[in-house]
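Just so it is clear, the values below take in all heavy atoms, side chains as well, and ignore hydrogens, waters and symmetry mates. When a ligand or atom number is given, it counts from 1 through the structure's own listing order.
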Amino acid sequence: MKTVKVGLIGFGTIGCGMVKILQDNQSQIQSRLGAVLEVIKIADLDITTDRGVKVDAGMLTTDAKEVLDHPDIDIVVELIGGYEPARSFILQAIENKKHVVTANKALLAKHGDEVFAAAEKNHIAVGFEASVGGAIPIIRSIKEAFVANRIQAIEGIVNGTANYVLSKMSDGNHDFETALKEAQDKGYAEADPTFDIEGIDSAHKIAVLTRLAYGTPVNLDDIYVQGISSISSLDIKCAHEFGYRIKLLAISKFDGRAIDVRVHPAMIPESKPMANVNGVLNAIMVCGDMMEENILIGHGAGSLPTGSAVVGDIVEIARNILSGAQDRVPPQSYQTAGIQRIPLKDIAEIEGEYFLRFWVLDKPGVLSRISGILGNHDISIEAVIQRVKDDNGKGVPLVMMTHQAREKNIQAALKEIDGIEDVCEKTVLIRVEK
Ligand code: HSE
């Protein structure tokens, strides 16, 4: 039986998952592939800590070059994350004619043009299924299963940590910090968990998906990003009262002229499947002109689910090596000639319904001033809640849902409202996604 040889750089949470899967499911994978997958070298700065996965000591090295330059390695798996040295390692692997598998969404979002150009020039495969949605086969679905469609929209919960935190806060059992600590302990969070909480990780992932869906590079800095750190248990409770759940959504919609790409907390009607995707689960909805809406749901983070996506990529590349069918699917989903830069829409151009949570002194005239300003900006109010009777001089929450309004008008109105003396805090705005 033929053997395809694999080298791993980064023996952390996902790396361990990958090695464990290749060990535990070896015979199952072998009988599907018709060949042996053998990990022959693993590089990590720490090769002494016991990770609970048994590997031959001679396989371990602290020098990534031993993987990159190894003459027998066919596939290099990069699982260290971050921009550098991951970028240099991947480019070196490609230069050395080794196929690459990575889970590194940050790198692909920022340096995708460079990595894909190098891969195409050298006829090298780059597998990155694990970069978005953990075990969910979203990359392969866009590249292959949905290829008949002009994709019109992608909308998803693509950060397990943020979803875990919001779900736990929503259950009423945890505050923000406790839930985040749990997600970190379970190995879901990024090395810097602000990437999860502030929406940066979701922005990386929606940049990767946007490239594949519409065949366009995306400038990361042009994506509107707002995280969940301003969301309080009170907002979650009020959302429930209005019949909604709050989720951190990554959105990418193409109207044929420009793409609306953004990441922010969103209110979703609780009757929608996406509103009921909880814990570390991710969900990604893809809408295509021929297939309408498809939702994929699965484990979005964690050692084994993400390791399973990595192994899936290794097997796919191994199949291509064995059958001599390299370049079968272009890594960016489109042929190079089909890739064009599509402009991104400014957030000010969008329209929708809004949840607004003001914190105001409970005095006569405050509500009418706020609603007057909203009215002046062409914003109509659909519902209002103010339950607390005594403000003890510290202010009370005043919550409103608007009818359809223009973001530009909402922003202008909030600027004015937040300048009123009786408004104690910056107003929290949550967009409604129906
Ligand atoms: N930190 C990421 C998450 C891991 O929580 O979803 C998967 O990319």
Next item on the list: Specify the protein heavy atom at minimum distance from atom 2 (C) of ligand 1: its residue, its atom name, and the distance to 0.1 Å.
Entry: E190 OE2, 3.1 Å
Next item on the list: With K110 as the cation and Y83 as the aromatic partner, state whether NZ or CZ is under 6.0 Å from the six-membered ring centre and within 45° of the axis.
Entry: yes
Note to self: Any carboxylate oxygen within less than 4.0 angstrom of a Lys/Arg side-chain nitrogen, looking at E407 and K345?
What the structure shows: no
Next item on the list: Would you mind checking if E433 and K272 are paired as a salt bridge, meaning a charged N to carboxylate O distance below 4.0 Å?
Entry: no
Checklist line | N122: which of E95, K97, K98, H99 passes side-chain hydrogen bond (donor to acceptor under 3.5 Å, both in side chains) | finding: K97
Notebook entry, point to check: For atom 6 (O) of ligand 1, what's the nearest protein heavy atom and its distance?
Noted result: G160 N, 2.7 Å
Notebook entry, point to check: Is it true that G134 lies under 4.0 Å from ligand 1, counting heavy atoms only?
Noted result: no
Notebook entry, point to check: Do any N/O atoms on T161 end up under 3.5 angstrom from N/O atoms on ligand 1?
Noted result: yes
Check: Does an N or O anywhere in D196 fall below 3.5 Å from an N or O of ligand 1?
Finding: yes
Note to self: Heavy-atom distances under 4.0 Å decide this one: backbone, side chain, both or neither, for A189 against ligand 1?
What the structure shows: backbone
Checklist line | Approximate separation, where rounding is to 0.5 Å, of K434 NZ and S271 OG | finding: 10.0 Å
Checklist line | Numbered atoms of ligand 1 (with element) below 4.0 Å of Y188, judged on heavy atoms | finding: 1 (N), 2 (C), 3 (C), 4 (C), 5 (O)
Checklist line | Cationic N near anionic O, under 4.0 Å, D289 to R150 | finding: yes
